[in-house]
Amino acid sequence: MPRYQPSRIEPKWQDWWAAHATFAAQHLPSGRKTYVLDMFPYPSGDGLHVGHPEGYTATDIVSRFERMRGTSVMHPMGFDAFGLPAEEHAIRTGTPPRESTEKNIATFTRQLKMLGFSYDWDRALATTDPEYVRWTQWIFLVLFDTWFDPAVQKGRPIAELPIPADVAAAGEDAVATYRDGHRLAYQSEAPVNWCPALGTVLANEEVIGGVSERGGHPVVRIPLRQWMLRITAYADRLERELEGLEWPTSIKKLQCDWIGRSTGAEVDFLIPPSGGAAEAFDDWKRTREGSGFPEKPGSDVLRIYTTRPDTLYGVTYMVVAPEHPLLDVLAAPAQREAIAAYREGAARKSDLDRTDLAREKTGVFTGSHVIHPLTGKPVPVWVADYVLATYGTGAIMAVPAHDDRDFEFAKTFGLDVITVVEPPDGAAKPGELFAGNGRALNSGPYTGLATGEFLERVGGDLKAAGLGRPAVNYKLRDWLFSRQRFWGEPFPILHELDAQGNLSGAIRAVDPADLPVNLPHLTNFKPGDTPDPPLSRSPADWLFVERDGKRYKRETNTMPQWAGSCWYYLRFLDPHNTSRFIDPEVEKAWMPVDLYIGGAEHAVLHLLYSRFWHKVLYDRGHVSHPEPFGKLVNQGMILGEMEFTGYRSTKGGWVSAEKRTAEDIPSKVPADQVEKQGEHFVLRDAPKIRVESRAYKMSKSRGNVVNPDQVVRDYGADSLRLYEMFMGPLEATKPWSTAGVSGVRGFLDRCWRLVVDERADELALAPQVCDDPPSDDQLREIHRTIDKVTRDIQALSFNTAIARMMEFVNVCTPLERRPRAILEPFVAILAPFAPHLAEELWELLGKPAPVSLAVWPAVEERWLKDDTVEIPVQIQGKLRGRVVVPADADAEATKAAALADPKIAEQLAGREIVKVVAVPGRLVNFVVKG
RNA sequence: GCCGGAGUGGCGAAAUGGCAGACGCGGCGGACUCAAAAUCCGUUGCCCGCAAGGGCGUGUGGGUUCAAGUCCCACCUCCGGCACCA
């Protein structure tokens, strides 16, 4: 009975905490606050994975630590429950997705509670809750009601959008269309990957070589009306405002790259009318000098974007994307057929195929030329799919001498290469590629300028001449926000129907009072054989509504899974509010999130999308901080156990790993049959045969998935928590080791025996536990432990905190008398890590429960210092001895003590001391001659 | 190709420019036991040596420094991400 039995004490304390609402967060913080947030999970049918508790334990330790230090702590948990797997499960089994989602949430909740996380369960939410959906839809309406004013770089109410006079004159419908074209949530025709055989739209990643990844069915790119969110309007702020955040630099970098800001210039090339090109060019230049560079290009020019306007004089051809609107104008009659064929081929390819770098460059000459704005010379125009219609202007000027893609294309089609930049370290090599910066050659008035200088001047010059202007571009595209799926939030949008029942094109928002728009009851969630969303098969009483005497059809697309996760951190603060998405006072008091921990897989999308939504809410005055997440940490991935892989030839014999060929068959080798030989592992029985050693990502197919339920059953929740924190640094990728779990279990057993008499029949204190005043050494030990653990938790260095607690236990275990005065603070600092065990020991020590809310022990500085210290003594940087000196000895005294040491004196005898480095409290180093 | 991150005992790892390997696993030895498990104690980087002791050691090669796992330069390997964005 008195053995450490996690299966007995863990449920006991979980029930106690629940019954006493130990971890309920205050509605408003009192004093110091901290908001500690996990990236909430998608409740998959497989249940919790051992990767989940890693981040969750880290945040739980911080939350429990801060509570014990008197901080008001917000530590909630919820579920990101919309999404494809639930829907596909529904299609397969015929059960409504809500049913399986609820079942999965129940499983996750049970598992999370089993691990003793100190969430305020009263605040738990799922993105699929109708009350939550209501406010997700409400925020969509905020986006719908907002336009971005570039002048102030801010989102503003659509009612404040200035209407140009000509639009206003054209009537109300024109004004409505104008407004719709400026909203942050707008509709657009966008090409999607439609797979008729599967009856669904596919993501780019799901299309390989023009056919579906699953099944190999043909996929076509068709334009489809889609909802888009104008995230590009916020590109600049999303990039700039990253700076103040306490995020890993790698994540900031990823977001920056994703936003992909580049600076350069837009330049117009005249498309000459047939006949009289030279005159037309002169006229055009004159006109442009007067009119300046137009906002939008007419159909008489080909507008390009370049980041290297300093290479303008090296242009030898132009390229337009296959989808470029001017392609019809540019296509010469003789080339029409070839161009049409090329365009069709491009349309069939997915983006992924088109951007496959390994592919040979392809393209077709349009038969037309445009006129170079600076040289007045004709330049041939090609169409090629290496130019993307969606970036820049969809057309480029090609400078093969200084751009590797253009170079490759020019080589393939035998086009000219003109060198206009000389490398800084040598002469230009005509006909070769040089993509770096240097000095301009053959560049008219700019010849001789350094690249940087050239770039600075040319933008302004082009602008003055009305031929171009400096420009900024982003890789970031507007966010395709609609899905042709069932299991997502319906859009709160109504499409007006005319008298014949056809869509008139006019749309209106659902009245906020009518939210939420709940999903209708459907028995068939399957995508059909047209791209119509499943909701288009909804019953008429859901699909059609009447407002103000007009008939409307509901929007039948649904929102993507990202929608719900864009703002859940706000709802946690005020989850039961029925009149607002969050009370502004509550928001102001708790936001921003102080610590956000989750996997790096969300480095870009989730974190970018939620920052975008947050900024819109901020601009519209609904939240008080411009950024939602102050400090972000990515926990590393937990891999499966280390595996050794040997290879057998088809004949059955072993093949050494470095000699293996593709035919050889990998086979797992048990760890006790290998040994290390030099750099490699080899078979113990055949040391000539090398084997590979590696830990792999956990996956069902590899069969190396560790189930947290099983670990809790075998070792207990506290052991699982502690082990995951002890494995190594939180942010590192690390392999699982069941032996390691049993190691920390051993530590918890020793903690137990420190306090509990294991030989007694009933639960009782160990006889060594006493009320003696602790010795100075013992006080030093406990205070150093408290100090180290306190600092390590703040630095999220949990593995070293645990190591220090292990040292403390190692010191205490042999003690015949163990003073309570050192045991009690130890149990308190153990509590955030192994809360169940700590509660049990705390109770046994006769302290009032719960230790979870006990006061964090204070460190007494005087116990952190020793009276004396042992100092290493080096000669020529090599360790030659040690001396013991008073802890406060200065450099001189330390040096004297070193010289007085007989061993050191002996080694220094007869040698000339050139220099002595004495660092008080650290070391002495003698530099000698001879 | 580009951008991150990482290479330290048999393994997971630790180390404000100042004694490399704390702590844990595993191994070895011992105590307890009829025996085993559990527990406790000791030991454990490699090489030479009976020992005292000595030498070598943080992916490789160079450099800065009294002193480098740590800073600088070049390279190698592994992991992760991005990838025709002009």
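In what follows, chains carry the letters A, B, and so on, assigned in the order in which the sequence lines appear, proteins first and then strands, with residues in each chain numbered from 1.
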Distance between [atom1] atoms of [N] and [M] (Å, rounded):
N: B:rA6; M: B:rC73; atom1: P; result: 15 Å
N: B:rG24; M: B:rA74; atom1: P; result: 41 Å
N: B:rG17; M: B:rC71; atom1: P; result: 8 Å
N: B:rC47; M: B:rG57; atom1: C1'; result: 10 Å
N: B:rG27; M: B:rC46; atom1: P; result: 16 Å
N: B:rA15; M: B:rG59; atom1: P; result: 16 Å

Legend entry - Syn or anti for B:rG9 (syn when the glycosidic angle lies within 90° of 0): syn
Inset, instruction - Please confirm whether A:Lys361 makes a cation-pi placement over A:Phe409, using NZ or CZ under 6.0 Å from the six-membered ring centre and within 45° of the ring normal. - result: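 Judged by the rule, A:Lys361 and A:Phe409 form no cation-pi pair.
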Inset, instruction - Give A:Asn810 one of three labels, base, sugar-phosphate or nothing, depending on what nucleic acid heavy atoms sit under 4.0 Å from its own. - result: sugar-phosphate
Could you check which of [options] has an atom nearest any side-chain atom of [X]?
X: A:Thr813; options: B:rC66, B:rC41, B:rG18; result: B:rC41
X: A:Thr307; options: B:rA86, B:rG24, B:rG10; result: B:rA86
X: A:Arg3; options: B:rA38, B:rC82, B:rA22; result: B:rA38
X: A:Val387; options: B:rG18, B:rG12, B:rA86; result: B:rA86

Legend entry - Spacing of A:Ile875 atom CD1 relative to B:rA67 atom P, expressed in whole Å: 15 Å
Before accepting this row, confirm whether a basic side-chain N of the pair [X]/[Y] lies closer than 4.0 Å to the acidic partner's carboxylate O.
X: A:Asp236; Y: A:Arg261; value: yes
X: A:Arg880; Y: A:Glu906; value: no
X: A:Arg308; Y: A:Asp310; value: yes

